[in-house]
Structures are given as C-alpha cells and as structure tokens.
Amino acid sequence: QVPLVESGGGLAQAGGSLRLSCAGSGRIFNNYAMAWFRQAPGKEREFVAGINWSGGSTDYTDSVKGRFTISRDKSENTMYLQMNTLKPEDTAVYYCAASTGMGVYTGVASYHYWGQGTQVTVSS
C-alpha cells in the first residue's frame, strides 16, 4: 500500500495558480510532520515547504515565501500546497513526504515516507 499519493499537478501559465493535494493514512496524518519537496531535471530534490504534526508551525524555502501555502486537514487525511503567482522556475516534479518526527524539517533524510510525485509545468 502506497502511504502517500499526490494529485493536482499539471500545466499552468506564469502568474497562475495550482493546488497540490497529498492523501494518506490516518496514522501518518495524525502523528507525523510533513513536507513538500520538488525536483527539476538535472537538479537535486529540494525542500519547498514543511508543516509540523499539529499544523501549527510551517517553514518555506525563500523562493516560494509569500506565494505558496502549506496546510493539512487531519479530518480528511490530506495535505495541501496552494501555489500562487507561479513562475517558470517552479517547474518540477513535486513530492509529498512524511517524517516520523513531529517538528518541521528541511532535509530529505529526515523523511521516511514519499509519494510518487506529480508534475508541475509553468509556461512563460
């Protein structure tokens, strides 16, 4: 059973918006910190946004601050990434991830469960 499943990727124009969703089990969404990462062709996977287990603390990479918003809905076992004012440099495969820890973590190694990824393409 795949623990995390992303959806909501696609093609958007620069300046547009997309909302990504990540669905999973109640065990993960009730107890674990979560995050969104992205990986562009030829580049390493990078942290985009993270949220602690309760949803009360968040962190963002500088390039998306003020444009992206991470949130989680425990009642629906779903995490979201609202992406506004999209730029061509946001083009990447976006992955959701869960950590057995409870804080907000920015490193790939801190996360133990990964989704399969969803493609986001922003045209100029």
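None of these values were measured; they are calculated from a predicted model.
The side chain to side chain donor-acceptor pair (under 3.5 Å) search around Gln39 returns Arg45, not counting sequence neighbours. Contacts of Val120 classified as side-chain contact (heavy atoms from CB on, under 4.5 Å), with partners at least two apart in sequence or in another chain: Leu18, Leu20, Met83, Tyr94, Val122. When the side-chain contact (heavy atoms from CB on, under 4.5 Å) test is applied to Ser110, the partners found at least two apart in sequence or on another chain are Tyr105. For Asp73, the side-chain contact (heavy atoms from CB on, under 4.5 Å) criterion is met by Ser75, Glu76, Tyr80, not counting sequence neighbours. Checked against side chain to side chain donor-acceptor pair (under 3.5 Å), Ser54 has the following partners two or more places apart in sequence or in another chain: Asn52. In this structure Thr100 satisfies the side chain to side chain donor-acceptor pair (under 3.5 Å) test together with His112, sequence neighbours excluded. Among residues two or more places apart in sequence or in another chain, the side chain to side chain donor-acceptor pair (under 3.5 Å) test is passed with Thr69 by none.
A distance of 13.5 Å separates CZ of Arg72 from CG of Leu81, quoted to the nearest 0.5 Å. Once rounded to the nearest 0.5 Å, the distance linking CD of Glu89 with OG of Ser63 reads 8.0 Å. Rounded to the nearest 0.5 angstrom, Lys74 NZ and Asn31 CG are separated by 7.0 Å. Distance check, rounded to the nearest 0.5 Å: CZ of Arg27 to OH of Tyr32 gives 4.5 Å. Expressed to the nearest 0.5 Å, how far CD of Glu6 lies from CD of Gln119 amounts to 12.0 Å.
Between Ala33 and Tyr111, the shortest heavy-atom distance links the atoms O-CE2, 4.2 Å. Scanning all heavy atoms of the two residues, the minimum distance from Gln116 to Tyr95 falls at O-CE2, 3.6 Å. Residue Leu4 comes nearest to Ala98 through the heavy atom pair CD1-N, 3.8 Å, listed as atom of the first residue, atom of the second, then distance. Taking every heavy atom of both residues into account, Thr106 and Phe47 meet most closely at O-CB, 3.3 Å. Heavy-atom minimum distance, Pro88 versus Ala14: CD-CB, 4.2 Å.
Taken together through direct or relayed side-chain contacts under 4.5 Å among Ile, Leu, Val, Met, Phe, Trp and Tyr, Ile70 and Trp53 form parts of separate hydrophobic clusters. Criterion: ILVMFWY side-chain heavy atoms under 4.5 Å apart, direct or through other members. Under it, Tyr60 and Val104 are not part of a common hydrophobic cluster.
Applying the salt bridge (Lys or Arg N to Asp or Glu O under 4.0 Å) test to every pair with at least one member in residues 8-17, sequence neighbours left out, gives no pairs at all. A salt bridge (Lys or Arg N to Asp or Glu O under 4.0 Å) check over residues 31-44, counting only residues at least two apart or in different chains, returns the pairs Arg38-Glu46, Arg38-Asp90. A side chain to side chain donor-acceptor pair (under 3.5 Å) check over residues 12-24, counting only residues at least two apart or in different chains, returns the pairs Ser17-Asn84. Note on residues 56-124: pairs passing disulfide (SG to SG under 2.5 Å), not counting sequence neighbours, are Cys22-Cys96. The list of disulfide (SG to SG under 2.5 Å) pairs with a residue in residues 33-92, not counting sequence neighbours, is empty.
A donor-acceptor pair under 3.5 Å is formed between the side chain of Arg67 and the backbone N or O of Thr85.
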Do Phe68 and Leu86 pass the side-chain contact (heavy atoms from CB on, under 4.5 Å) test, and can you show the C-alpha distance, the side-chain angles, and the key distance before you say yes or no?
CA-CA 9 Å; Phe68 291 9; Leu86 284 163; 4.0 Å; yes
